[in-house]
Amino acid sequence: MLSSYFHSIYIILAIGEFLSPSMQAIPFYRIIVFFFLTGPSLVSPLYDGPLYDFTAYTECKEKPEEPLYGGGVFKSEHGGVGDSNAAYVVNNTYVTSLLLCNLTHGSIYSFSVWVRVKDSSSAIVRARLETEEETYDCIGTVSAKRECWSFLKGGFVLDTPSNFSTIFFQNADGKDINIDVASLSLQPFTKQQWRLNQQYIINTHRKRASTIHVSDSNGRRLQGAFICVEQISKDFPIGSAIAKTILGNLPYQNWFVRRFNAAVFENELKWYATEPDEGKVDYTISDGMLQFVRTNNIIVRGHNIFWEDPKYTPPWVLNLTGIHLQSAVNSRIQSLMSQYKDEFIHWDVSNEMLHFDFYEQRLGPDATYHLFETAHESDPLATLFMNDYNVVETCSDANSTVDAYISRVRALRQHGIFMDGIGLEGHFTIPNPPLIRAVLDKLATLDLPIWLTEVDICKTLDRDAQANYLEEVLREGFSHPSVNGIMLWTAFHPNGCYQMCLTDNNFKNLPAGDMVDKLLHEWQTGRIEGVTDGHGSYSFYGFLGEYRISVNYGNRTTESTFSLPGGEETRHVTITV
């Protein structure tokens, strides 16, 4: 009963995010008191939708689990666990299909099912949605086996309403296969319900209650003391790629520093940039960029040590084999890591290794493990990341399905690779929010730090569409409890950015830049003012980070700073005036 109370409190707080600033300023404890005085009936008129279920499974099980949301729209006495012949399912020799009726435009559908293949030892099973108007090539995928059940989780948002739609379960490689499905679940959310669920996670994972206690030198609590609280830094890293164009460019530097607390070098650390010719290593540009971020207290990711794509491997390296290539690899790690030891919080060790395998082709199947082991020995405090594309952007890429990513991480673990992290590039065209969240749910089962490392929206879309879709992606990332940071791939270039610019050449925001500013403002605690109560206390609810506080009582004033780290308990801070 108590847990439902606290869930209700946070839903109230989520709704509060849509209220006026004056209503948002109501101290947290007053909201709680008001709730307990009025009772849980207050919640029903405010929110009566489903709470998003983050449950995911990566192991293959002897029996499927119960369907999420009790099946959602598939609630039926005939649709329980293990029943692959539910009334909604049609099986034939080669494909399983699922008929859906009356799907609405704009609703967000979270979809899950347990899958088993019959006449093959394993297969990548892909769920495809067809409506009267459109085909959605992939709404979820899973690596399925014959002897056990695997969990597929995904979802979709329709561009137009549909009276009759069909989900097909098929072998991703196009070969005929017999598929069993069980524990079907399809849960619709309105856009408002989805947003409230996002805000619920933000309130429970990105914010925390804090109470300021004010007393005099004798320990007496002071009523009526004036308090001003201001957040001076944020715990959650949100940043962008930067390029060498930032060097000596004061307008670019000022624009960047006002917004971001994290950075990544777009190309300047890559092997082809630091050693274009064998033996001629030059870190002048990357040193200058590092000096900029260091001066402004900005954390920075190391991208990257190696890139598996031969197209981005230095031409002179392409001609090496055997011990000569191994020597060049060792020299690259030793040079780069000794130059920048302890400077970068992360290293993308072997970039895009789900799609390319240059070093394993040349040096053998254990080459990747050697790269990670040597990097860890060279900089043991840096988190070593896998980094790849088309993991959250789509599920149509068989090379980088969520299960392919998980399998590669587990292989690294089995070889003793330590301090690993999950890097998801995030180069989107049209994002699929429930699929993004479903992929993050499955990756979260690895209990590793997850970062969106290179987020942008394809330049084939107009600027307003880029801004709108970017907002969807950033909200999904910030509101997922397992995401630890977000990096945009929006380094400034006068002749045009990689896919998406945030500003014009005069550093006036484009629509995407305005949207980023809006979210950065939304995700920080504004200036808060108030007075202490009869107990000499003042409470507020703020985003995690560092705070400056000023207290004035009579003719006495004191200033202090305090941190608001993550935690479920109220943070208590005592100030003496």
Side-chain angles (χ1 to χ4, degrees), residues 50 64 67-120 123-144 149-190 194 394-398 401-403 429-439:
L68 302 187
Y69 311 102
V73 299
F74 295 136
K75 288 185 175 71
S76 167
E77 59 181 328
H78 301 298
V81 172
D83 183 0
S84 60
N85 298 305
Y88 309 97
V89 180
V90 178
N91 284 313
N92 60 34
T93 305
Y94 302 118
V95 66
T96 301
S97 60
L98 175 67
L99 181 64
L100 306 173
C101 301
N102 300 322
L103 299 180
T104 58
H105 167 245
S107 291
I108 298 169
Y109 290 92
S110 181
F111 175 69
S112 63
V113 64
W114 287 83
V115 175
R116 181 178 63 184
V117 295
K118 283 187 175 181
D119 46 5
S120 176
I124 298 175
V125 175
R126 179 183 299 168
R128 187 183 88 247
L129 175 69
E130 292 187 3
T131 72
E132 302 96 325
E133 303 291 335
E134 295 187 71
T135 296
Y136 301 80
D137 183 57
C138 187
I139 63 169
T141 187
V142 69
S143 179
W149 293 87
S150 300
F151 185 64
L152 182 153
K153 192 175 190 183
F156 56 90
V157 181
L158 293 188
D159 296 328
T160 57
S162 171
N163 293 324
F164 297 99
S165 301
T166 306
I167 294 178
F168 295 95
F169 300 94
Q170 296 177 316
N171 193 343
D173 65 9
K175 297 179 180 178
D176 292 338
I177 193 170
N178 199 3
I179 300 169
D180 281 339
V181 298
S183 295
L184 293 153
S185 174
L186 184 68
Q187 178 61 55
F189 295 82
T190 67
W194 195 259
T394 179
C395 56
S396 298
D397 188 338
T401 65
V402 61
D403 288 318
T429 302
I430 298 177
N432 179 350
L435 178 65
I436 295 172
R437 191 174 292 192
V439 169

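None of the values given here were measured: they were computed from a predicted structure. Reckoned from all heavy atoms, side chains included, excluding hydrogens, waters and symmetry mates. The chain is numbered in sequence order, starting from 1.
For P50, the side-chain contact (heavy atoms from CB on, under 4.5 Å) partners are Y47, Q187, F189, Q193, not counting sequence neighbours. For T131, the side-chain contact (heavy atoms from CB on, under 4.5 Å) partners two or more places apart in sequence, or in a different chain, are L129, E133, E134, Y136, L158, S162, S165. When the ring-ring contact (aromatic ring centres under 6.0 Å, His included) test is applied to F156, the partners found at least two apart in sequence or on another chain are Y109.
Annotation: side chain of F151 is not in contact with side chain of S183 (no heavy-atom distance under 4.5 Å).
No donor-acceptor pair closer than 3.5 Å links the side chain of N432 to the backbone N or O of T394. Panel note: side chain T104, backbone P161; no donor-acceptor pair is recorded below 3.5 Å.
Across all their heavy atoms, V115 and A144 have their closest contact at CG1-CB, 4.0 Å. Here the closest non-hydrogen pair linking P67 and L184 is CB-O, 3.4 Å. Shortest non-hydrogen contact noted between S185 and L68 is OG-O, 2.6 Å. Here the closest non-hydrogen pair linking I139 and F111 is CD1-CD2, 4.3 Å. Across every non-hydrogen atom of P188 and V73, the tightest pair is CD-CG1, 3.7 Å. The nearest pair of heavy atoms linking T166 to L99 is OG1-CD1, 4.1 Å.
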Checklist entry - What do the steps show when you test Y69 against S110 for side-chain contact (heavy atoms from CB on, under 4.5 Å), and what is the final call? => result CA-CA 10 Å; Y69 311 102; S110 181; 4.2 Å; yes
Item to check | Test log, rule side-chain contact (heavy atoms from CB on, under 4.5 Å), inputs F169 and S97 | outcome: CA-CA 6 Å; F169 300 94; S97 60; over 6 Å; no
Item to check | Worked check of side-chain contact (heavy atoms from CB on, under 4.5 Å) between I124 and V142 | outcome: CA-CA 6 Å; I124 298 175; V142 69; over 6 Å; no
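Atom CZ of F168 is separated from atom CD1 of I179 by 12.0 Å, given to the nearest 0.5 angstrom. Between atom CG of residue L435 and atom CD1 of residue I108 there is a gap of 12.5 Å, rounded to the nearest 0.5 Å. Annotation: the span from R116 atom CZ to N178 atom CG amounts to 10.0 Å, rounded to 0.5 Å. For the atom pair K118 NZ and D180 CG, the distance stands at 4.0 Å (nearest 0.5 Å). Distance check: C395 SG to L152 CG gives 8.0 Å after rounding to the nearest 0.5 Å. The distance from atom CZ of R126 to atom CG of N171, rounded to the nearest 0.5 Å, is 9.5 Å.
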